[in-house]
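Inspection log for the structure reproduced underneath, given as structure tokens.
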There are 2 protein chains.
Amino acid sequence: MELFPFVVVVGFLALLAAAYMTISVLREDTGTKEMQEIASAIKEGAMAFLNRQYSTIAGLAIIVAVVLGFLTRQYHTGIAFITGAAFSALSGYIGMYVAVSSNLRVAAGARHSLNKALVVAFRGGAVTGLAVTALSVLGVALLFYAFGGLLHPDKAPLEIVGFGFGASFVALFAQLGGGIYTKAADVGADLVGKVEAGIPEDDPRNPAVIADLVGDNVGDCAGRGADLFESTAAENIGAMILGISLVPVFGAKGIIFPLVARAVGILASIVGMFFVRGREEGDPMSALNRGYFVTTILAIAGLYPVTRYMLSGPGVNFLYFYGAAVIGILLSYIFVFLTQYYTSYDYRPVREIARASITGPATNIIAGLAVGFESTALPVIFISMAILGAYWLGVQSGLPGGGLYGTAVATMGMLSTAAYILAMDTYGPITDNAGGIVEMSGAPPEVRRRTDRLDASGNTTKALTKGYAIGSAALATFLLFSAYIDEVKLLLNIKGDFPVDIGKPEVFVGAFIGAMMVFLFSSAAIRAVGRAAQYVILEVRRQFKEIPGLMEGKARPQYGNCVDIVTRGALKEMVLPGMVVVVTPILVGLILKAEAAAAFLMIGTITGVIVALFLNNGGGAWDNAKKFIELGNYGGKGSEAHKAGVVGDTVGDPCKDTAGPSLHVLVKLISTITLVLARLFV
Amino acid sequence: MELFPFVVVVGFLALLAAAYMTISVLREDTGTKEMQEIASAIKEGAMAFLNRQYSTIAGLAIIVAVVLGFLTRQYHTGIAFITGAAFSALSGYIGMYVAVSSNLRVAAGARHSLNKALVVAFRGGAVTGLAVTALSVLGVALLFYAFGGLLHPDKAPLEIVGFGFGASFVALFAQLGGGIYTKAADVGADLVGKVEAGIPEDDPRNPAVIADLVGDNVGDCAGRGADLFESTAAENIGAMILGISLVPVFGAKGIIFPLVARAVGILASIVGMFFVRGREEGDPMSALNRGYFVTTILAIAGLYPVTRYMLSGPGVNFLYFYGAAVIGILLSYIFVFLTQYYTSYDYRPVREIARASITGPATNIIAGLAVGFESTALPVIFISMAILGAYWLGVQSGLPGGGLYGTAVATMGMLSTAAYILAMDTYGPITDNAGGIVEMSGAPPEVRRRTDRLDASGNTTKALTKGYAIGSAALATFLLFSAYIDEVKLLLNIKGDFPVDIGKPEVFVGAFIGAMMVFLFSSAAIRAVGRAAQYVILEVRRQFKEIPGLMEGKARPQYGNCVDIVTRGALKEMVLPGMVVVVTPILVGLILKAEAAAAFLMIGTITGVIVALFLNNGGGAWDNAKKFIELGNYGGKGSEAHKAGVVGDTVGDPCKDTAGPSLHVLVKLISTITLVLARLFV
């Protein structure tokens, strides 16, 4: 317990660091008047979307909180749910505000030097990384304290579960709504602007161009932030629940270990962030990688004393748990590499798609499907090895029932660098926006070249984060699933195994529905993009037709209208698929009961992870196959192969930016729902 | 036991009926010399492929049989495996021989009347239907007798399991090899012939045209035949295993009930087949539907006395089991309808894809993905209801542990019309081939109109059979999965539940790998088509270039070379994905043991069914979206929408004709492998 204050102190320290980063970003030069105009339009649009989105989510959340309170008759769960939702929203708000303030300063900084722009962009991203992880750990700690965790630590974790549910509830809608927004705006802007009117990307004459830039923020920044907020929160809570059964050996230390490990990771990330510094002629990625390397080393070093102090006990060797933590950190590296292998044009899979493009769009799509399907295999094999390895280490530690805790420690290890990773992720949309601002404000070409280089590295970091997010979700599936089983055992007062008899028809049916829901949700998410894009297309066409002098550059398009229309479209389209995910597990649990809910959960999470891998990697591979062709291969830009590549890229967009990332959240949401409502299912 | 001879008699009766149909087909007019030339080229190619394919499979099967004998040390299992493989191959051989003899006679018959052609085509197909179902039931009965089933009926079923494994082994390679063949030839013929050289489909100048026609036979006829041979065999055996535990109540009657139910279905189908008779101006589908209706009514009627006689006992009301059988028959109708809903252009899903084609291939593909994903939901819901309903009826019957047997009876009900369904299926490639022969031989237009109408109905029956096949596979998953659990219980001498603890890491990992294997296999199957098609493309291009006068119609292309090249390509490409499916469950069972194998099986089958639904329905919907545009919608043939529709159709081809149908078999193969090797996993 004596480390509890350490967790709180680190949380506030991280918020202080975030405040410092914010101030240092806001003090930067804000560039020319043209730049400011564009940036303020983006900022206005992004904040307007976030406000409206949060209002919609708040409405839904209140309904859920009331139903939850009514169903469980536990006001703690309701409070925790609202707190989780509110903290997630707050961290999203802070991160987004700073991101849309940074883009302008990055654009302005790019007029001076690459390093200037890079540091501003990374610090802008760091605010998201720090706000998300700090508020996540502080929220859990706060509730743990409020629910009397210091007095009876073995009771509180089960009452905090609502926090994870609230966080995943917000995350689902944030990722889904943001994902729909970004792709609807993108597709709408491209189809009418590039294809029909024949004007280049980011051209100020395109009425949807601001909406497109807003979309980068609300999808990659706010959406992924909420996703990782939820990961860290849900996995902390899941691991804390598993820690309950270790009280006889470790006392409360096993319960608060996840929080302490997280705090160590945050400290490591803060230090790592100050190592990011680029050189004018260097590759921006190597600057980012240096910081990541420092963070990783510090996390590995820092976890040693923590596991040693907290996970030692009579007959228990902490070194095995330390080994499990290292497995988690290694797995994050492996996932980052596997994502690169399947989505970068330096390797076989993307080149296979590019080559297939020579014979047209059909063979491009077929090759992409094959690559996407294939790309699920290695990640599953490595996750399996990590789960088995960490479990084995946990068993070897000598701790009774320590196997499960070994996998929990591995998850903590994997998530220890989350703050840094998230900073790199948000760096992506900031540099992307900066490039747009530079382009639209007519800045000189050397400035554009600098932002182009930053943008390229931002694309890489965005892709890597997606790999990291799905990897941590995959590792967490087993943890959360086990926490559910543990909770059911506690509720039913079962000492031995909880027998999920998978030969019962309702269990089989629960499993069937779990897998099916993943496909149904993906369908709804993909279709929502198409529908929302239709609204944009109609509006852009209308403006091209009705505003005189627009194409000649004499009149300004009504950017606000497009932003407004995508906002309304995305929010409208996110509700139905989102509610399906919330309602289905509840129905399965209430009608088919706890065993069926366990099978639902197991297959839902497994299928969700695999389909997400398929959608993310397939989409990323299509994207880069097009870029590979644009580099001059197979005829280059304008060739038949390139046209086919563009088709593949467009198909991949809703897969990799809407459905895939939303599935990460879905996986964790169904876990937290079943955890919260477990008592109703028994 | 006294009904055992009835089963054998019906089996031989069905073979007699098949012989009668064969003779009546072979006696028909064989048309003009041109027709005969083309038909003999098709026949030669198809039989050559079948011979080579069976040699390859035989080689693999012998290896597996030896390994199997070595692993299990039970020569009965090895004998059963070889018998199952041989019977499946034999039925495929008979069916294929008659099919490629019928196409010519249908073409010739079409010169006289629609009815003549229709009856010949259907009878040609009926031979496959009868041969497959009769040999399947006779094979199981023969082994049951040979392994002493009449003396100790509770031992024999477990020893026959190898028969199902042999059948599914052949089915996997038959469906996979046939599926690769048919699509590689199709894509190759189209890409070079239609797109590059600009000649119409089925044009005799195209060197791949015969290979394309051969492909229709080896994919739809031989492949689907082996698939359903395997379904009926495996599900018979699975239900017989479940019957073992009912010996205290029913004696041996519960064990041989599946065979008797199958025999009744065969009788019903034979009668139904004689009701198929078309009118010159009528729709061929209504003639086929009449026969299907008669078959269904007779099956429903015939199952009443059988359940009454065989499934009555002290305190057991047979009516509940009869109800379960009716649920199975209803489910087959529902699946046929759902397949139509998602793949026919009379309904919303296909029209959605067609409309999305206006904005190009990318939106066509996105809409198709959304439809394919969505199309998994309703089938899963209906399967779930059928499983729960049949189980509930089984419990209500008063039979202790009767719930599982209720689902087994439902499966028997669903498969009772298999012979008729399969006749309709094989009717598809026969009419398709007849159309090709008429076209290539330059027959007069009214003949072509007749075969066109038959061909259209054949496309419908092929699609419906795919729905039926996946529906029965889905229903069977639970049956086979339960049979595995039952066998493990018998082996471990467990009286109560077999506790599959899904909280164990190795169980979770087994499940993860089960789902992943489905995706990996789909990737390999889709990629194999692309690779085999490349061989064809190169050969067709070569012939166009090197044979003087070919394009002017003065020289004949070397059809045989193309046939030969596709054959070698398809056989080469089928081995690796096939062996992955055989080896993975064995490794999971040996390394991670019986509980993990159960989870592997459960998730592998569930994911397999769902991904197959996605691939089949998505592919079918893309196909018909193109056809809907060709009817003159959204600009009709040659419009931008049509070009997009062609892309979607091409993408759908390997999905719906190679990967999807192979997954049906995969689902059952992993069941029979785990059943056979269960004793090694405990």
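Side chains included, hydrogens not; waters and symmetry mates left out as well; all remaining heavy atoms used. Proteins come first, then strands; the chains are lettered A, B, ... in the order of their sequence lines, and each starts at number 1.
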Can I get a per-line list of side-chain donor-acceptor pairs under 3.5 Å for residues 515-524 of chain A, giving both atom names and the distance, sequence neighbours left out?
from	atom 1	to	atom 2	distance (Å)
A:Ser522	OG	A:Val518	O	2.8
A:Ser523	OG	B:Ala370	O	2.8

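Chain A is approached within less than 4.5 Å, heavy atom to heavy atom, by B:Ala598, B:Ala599 from residues 594-601 of chain B, ordered by number.
Proximity of B:Thr407 to A:Pro505: side-chain heavy atoms (C-beta onward) are nowhere separated by under 4.5 Å. Using a 4.5 Å heavy-atom cutoff, the side chains of B:Val509 and A:Met385 are not in contact. The side-chain heavy atoms of B:Leu592 and A:Leu388, taken from C-beta on, include a pair separated by under 4.5 Å.
Both the backbone and the side chain of A:Ile603 come within contact range of chain B, with heavy atoms under 4.5 Å apart. Residue contact with chain B, scored on non-hydrogen atoms closer than 4.5 Å, involves the backbone and the side chain of A:Phe512 alike. In this structure, chain B has heavy atoms under 4.5 Å from both the backbone and the side chain of A:Pro361. In this structure, no portion of A:Ile537 lies under 4.5 Å from any heavy atom of chain B. At a 4.5 Å heavy-atom cutoff, the contact between B:Phe481 and chain A is made by side-chain atoms alone. For B:Leu369, the part sitting under 4.5 Å from any heavy atom of chain A is the side chain, from C-beta outward, and nothing else. Looking at A:Glu352, the atoms closer than 4.5 Å to chain B (heavy atoms on both sides) all sit in the side chain, from C-beta outward.
The side-chain hydrogen bond (donor to acceptor under 3.5 Å, both in side chains) pairs that include a residue from residues 377-393 of chain B number zero, where partners must be two or more places apart or lie in different chains.
Chain B forms the most heavy-atom pairs under 4.5 Å with one residue out of A:Ile513, A:Val647, A:Asp649, A:Ile383, and that residue is A:Val647. Between chain A and the residues B:Cys655, B:Ser482, B:Ala390, B:Ala511, the largest count of heavy-atom pairs under 4.5 Å involves B:Ala511. The candidate from A:Tyr484, A:Phe614, A:Phe478 with the greatest count of non-hydrogen atom pairs under 4.5 Å with chain B is A:Phe478. The residue among A:Thr376, A:Ile381, A:Ile485 with the most heavy atom pairs within less than 4.5 Å of chain B is A:Thr376. Contact count against chain A (heavy-atom pairs under 4.5 Å) is highest for B:Ala377 among B:Ala377, B:Gly530, B:Gly652.
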message: As a quick check of understanding, evaluate side chain to side chain contact (heavy atoms under 4.5 Å, CB included) for A:Arg527 and B:Val371, giving each step before the final call.
response: CA-CA 9 Å; A:Arg527 189 173 276 143; B:Val371 165; 3.8 Å; yes
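Here the CD1 atom belonging to A:Ile526 is positioned 5.0 Å from the CZ atom belonging to B:Phe373, to the nearest 0.5 angstrom.
B:Asp657 meets the side-chain hydrogen bond (donor to acceptor under 3.5 Å, both in side chains) test with B:Lys183, B:Lys466; sequence neighbours excluded.
Each of A:Val651, A:Ile365, A:Thr363 was evaluated against B:Val651; a single residue qualifies, A:Ile365, per the side chain to side chain contact (heavy atoms under 4.5 Å, CB included) test.
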